[in-house]
Protein chains: 2
Amino acid sequence: MVSITIEDIKAAKNRIHKFVNKTPILFSNKLSEWFGHDIFFKAECFQKIGAFKSRGACNTLAWLIENNERPELVVSNSSGNHAQAVAYATSQFGVPATIYMPESVSRVKAQATKSYGAKTIFCKNRAIVDKETELASQEEGTYWIPPFNHPQVIAGQGTAAFESLNELHDIDAIFAPCGGGGLLSGSLIATRALSPKSVIIGAEPKEANDAAISLRKNSIHTLSATPDTIADGARTLSVGDITFEYLKQLDDFYEIEEDDIIYWTQWLSHLLKVRVEPTSAIPMSAVKKWLSKQKTKKRVLVIISGGNVDKATMNKIWSKDYLSEIPSLISQTK
Amino acid sequence: MVSITIEDIKAAKNRIHKFVNKTPILFSNKLSEWFGHDIFFKAECFQKIGAFKSRGACNTLAWLIENNERPELVVSNSSGNHAQAVAYATSQFGVPATIYMPESVSRVKAQATKSYGAKTIFCKNRAIVDKETELASQEEGTYWIPPFNHPQVIAGQGTAAFESLNELHDIDAIFAPCGGGGLLSGSLIATRALSPKSVIIGAEPKEANDAAISLRKNSIHTLSATPDTIADGARTLSVGDITFEYLKQLDDFYEIEEDDIIYWTQWLSHLLKVRVEPTSAIPMSAVKKWLSKQKTKKRVLVIISGGNVDKATMNKIWSKDYLSEIPSLISQTK
């Protein structure tokens with residue numbers, strides 16, 4: 001088993017601090033009052049490229065360069081935040097990048113990736129995207145930065161929890177969403193080292209519950225088709241062999257209904273006045289369920305993964321009005 | 001003519017600093033790169049109640065108490081941010097408040113006002129709201145905090161520009177939206193005192209151009225009906241006699257098309273990752289037009305007035321997709 005330690009996260013923090021933001025921690029007086037517990041939010045929507053992904057991509061590239069393995073070309077396959085993260089990281093280190101994307105990717109996301117100077121290649125579907133990336137990565141001097149299943153990507157993502165736990169003390173529980181498991185793995189390593197009394201809890205959409213199934217079966221389960229969840233950051237078909245070993249060590253794991261994800265996307269943006277993507281809102285329903293079981297006042301940290309939302313997703317988020325249903329620990333829904 | 005000075009704004013800042021936030025100044029690398037100028041944003045969406053209005057309401061109430069004129073009851077008439085601001089301010093000072101609102105007010109706004117402990121009274125229409133408020137204000141011990149036409153409200157709103165100009169140096173131009181003119185009046189007083197070389201420019205929706213007409217006619221023009229603009233903070237029927245004297249001193253004033261307001265609401269929320277209400281986006285089209293005429297690189301400050309957006313407004317904002325049209329000084333639209 002690959003072992004990633006707090007020393008790897010500290011090294012990542014030192015490597016990337018010039019290239020990424022130390023994001024703020026937000027607090028909603030109202031939500032904390034309504035719940036009777038203190039809830040803090042690490043706002044990765046204010047991270048470079050609008051999501052935590054730039055941490056892992058910058059760390060991996062900086063680590064390669066530190067080890068005299070500067071690639072001639074970086075390739076990656078993504079239509080989402082990881083594509084932008086790799087494009088951003090390579091632009092900072094002056095390394096050329098080629099990103100393979102499905103033709104269906106939104107114009108705004110493709111533009112954002114291009115705006116960092118990366119070359120974008122559009123393929124008919126995701127299967128071809130993945131195949132082309134793998135082929136390209138076999139060329140001499142080419143390095144494929146994967147979205148989650150890589151020790152340096154995980155160490156980079158762990159710097160978000162690392163920063164938070166250096167700033168906030170006596171946190172009882174940390175929550176983060178699960179896509180491929182990179183953010184949760186890094187957060188788990190940071191939490192066990194810096195705040196061993198805290199529990200760390202993951203959450204994913206019920207519609208994309210490959211990690212939950214994998215944890216129940218104790219072996220990696222792969223979904224047969226792209227899941228139909230509004231949380232585009234959690235549409236991964238399976239976790240990785242490295243991240244799975246860390247996900248097994250989580251204190252709890254929740255599967256969240258789509259309505260609950262949308263409810264909390266509306267409420268987090270309303271209460272915190274930030275742009276949150278649906279993936280960021282996944283853990284809130286778990287926070288609520290976990291807090292409902294607590295007998296004493298708790299201090300909770302939620303990692304808001306990102307704030308990139310396209311027009312079609314905005315329309316889905318705001319097709320219903322949940323802002324008239326105030327969050328409460330007593331009601332059974334949401 | 002009522003004279004409000006920088007000393008009034010300094011006194012306001014000292015009075016209210018325990019009750020309101022010193023909001024952050026945001027910057028978008030991308031927008032500044034695309035425009036070739038530096039654009040800073042004072043993010044009043046992170047202000048108490050989600051808008052600059054809490055500054056003026058807190059200052060007026062604190063000033064009354066300082067002058068041994070603590071009211072037994074505060075009344076106000078609003079369906080928007082000013083209602084919440086008065087409710088918030090009175091909750092901080094332990095003064096009861098009654099807010100008159102039209103029945104058509106959105107549930108989320110009424111709830112927000114109630115959540116600060118204010119009594120809410122719903123009237124059939126806006127005319128009855130205004131009449132009831134005036135009647136109530138004639139009672140002994142009752143004080144009516146108006147939304148803009150009051151020296152202490154103006155001095156309070158001026159603390160946003162005051163804070164910004166103490167933090168940022170060499171600002172060439174300051175932009176703010178115009179509703180009743182309170183924010184612009186306060187910003188003008190702060191700017192003339194702290195940064196006399198800066199120009200200060202206002203903007204309002206073309207659909208609600210009472211201030212622009214008033215400035216052209218050199219007398220206050222009152223709209224005959226509530227204007228049909230998405231920018232709910234700029235739906236005032238007329239400016240006040242105090243604010244009009246300050247609006248006349250602005251260096252320029254722009255009337256903005258609805259499409260441009262929506263375009264910039266989308267782009268500001270996308271670039272800054274904050275929740276902006278349409279009123280906040282009004283000045284951006286003016287910024288663009290003004291910058292297009294400049295021959296050297298400029299440093300511009302835009303006051304983002306607030307971040308309170310209900311579901312119906314979110315639907316209007318996101319009915320078109322403007323994120324595929326990247327902002328540029330060269331294109332003629334937006």
Side-chain angles (χ1 to χ4, degrees), chain A residues 21 23-24 26-31 33-34 43-51 84 88 91 106-112 114-116 262 265-277 280 304 306-326, chain B residues 21 23-24 26-31 33-34 43-51 84 88 91 106-112 114-116 262 265-277 280 304 306-326:
Chain A
N21 297 328
T23 52
L26 308 178
F27 186 80
S28 161
N29 288 321
K30 285 213 172 163
L31 183 63
E33 187 188 306
W34 290 334
E44 287 294 287
C45 45
F46 293 123
Q47 189 48 270
K48 294 287 177 191
I49 76 101
Q84 290 183 54
Y88 170 74
S91 77
S106 75
R107 269 175 73 186
V108 61
K109 284 187 181 173
Q111 267 170 351
K114 269 187 209 169
S115 76
Y116 294 112
I262 296 171
T265 306
Q266 289 193 6
W267 271 100
L268 288 186
S269 68
H270 180 66
L271 290 169
L272 301 174
K273 303 299 178 202
V274 298
R275 195 164 167 85
V276 293
E277 52 186 65
S280 303
I304 298 221
N308 293 325
V309 195
D310 62 15
K311 190 252 179 201
T313 307
M314 286 305 286
N315 292 152
K316 278 185 207 160
I317 295 167
W318 293 96
S319 66
K320 285 188 197 172
D321 189 359
Y322 286 123
L323 294 183
S324 50
E325 301 169 30
I326 289 183
Chain B
N21 296 328
T23 52
L26 308 178
F27 186 80
S28 162
N29 288 320
K30 284 211 173 163
L31 182 63
E33 187 188 307
W34 290 334
E44 288 292 288
C45 46
F46 294 122
Q47 188 47 269
K48 294 289 177 191
I49 75 103
Q84 289 182 55
Y88 170 75
S91 77
S106 75
R107 269 175 71 186
V108 61
K109 284 186 181 171
Q111 267 171 352
K114 269 187 211 169
S115 76
Y116 294 112
I262 297 171
T265 306
Q266 288 194 5
W267 271 101
L268 288 186
S269 68
H270 179 67
L271 290 169
L272 301 176
K273 303 299 178 203
V274 297
R275 193 164 169 85
V276 293
E277 53 187 63
S280 302
I304 298 220
N308 293 327
V309 196
D310 62 15
K311 190 252 180 200
T313 307
M314 286 305 285
N315 291 152
K316 278 185 208 159
I317 295 167
W318 293 96
S319 66
K320 285 189 197 172
D321 189 359
Y322 285 124
L323 294 183
S324 51
E325 300 170 30
I326 289 182

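Since we're looking at a predicted model, the values are computed, not measured. Lettering follows sequence order; numbering is per chain, from 1.
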_B:Leu272 portion near chain A, given a 4.5 angstrom heavy-atom threshold_ = backbone
*Go through the steps for A:Val309 and B:His270 under the test side chain to side chain contact (heavy atoms under 4.5 Å, CB included), then give the verdict.*
CA-CA 8 Å; A:Val309 195; B:His270 179 67; over 6 Å; no
*Enter the distance from A:Ile304:CD1 to B:Lys273:NZ here, rounded to the nearest 0.5 Å.*
13.0 Å
*Can you name the closest pair of heavy atoms from B:Ser324 and A:Gln111 and give their distance?*
O-NE2, 3.4 Å
*asked:* Rounded to the nearest 0.5 Å, what separates atom CD in A:Gln266 from atom CG in B:Asp310?
replied: 11.0 Å
*What residue in B:Gly50, B:Gly307, B:Ala312 has the most heavy-atom pairs under 4.5 Å with chain A?*
B:Gly307
*Just give me the residue among B:Gly306, B:Pro24, B:Cys45 that pairs up with chain A most often, heavy atom to heavy atom, under 4.5 Å.*
B:Cys45
*asked:* If you apply the rule side chain to side chain contact (heavy atoms under 4.5 Å, CB included), what do you find for A:Trp318 with B:Lys316, and how did you get there?
replied: CA-CA 10 Å; A:Trp318 293 96; B:Lys316 278 185 208 159; over 6 Å; no
*Heavy-atom distances under 4.5 Å only: say whether B:Asn29 touches chain A with side chain, backbone, both or neither.*
side chain
*Kindly confirm or rule out a cation-pi arrangement of A:Lys311 over B:Tyr322, judged by NZ or CZ under 6.0 Å from the six-membered ring centre and within 45° of its axis?*
no
*A:Lys30 versus B:Ser115, closest heavy-atom pair with distance*: NZ-OG, 2.9 Å
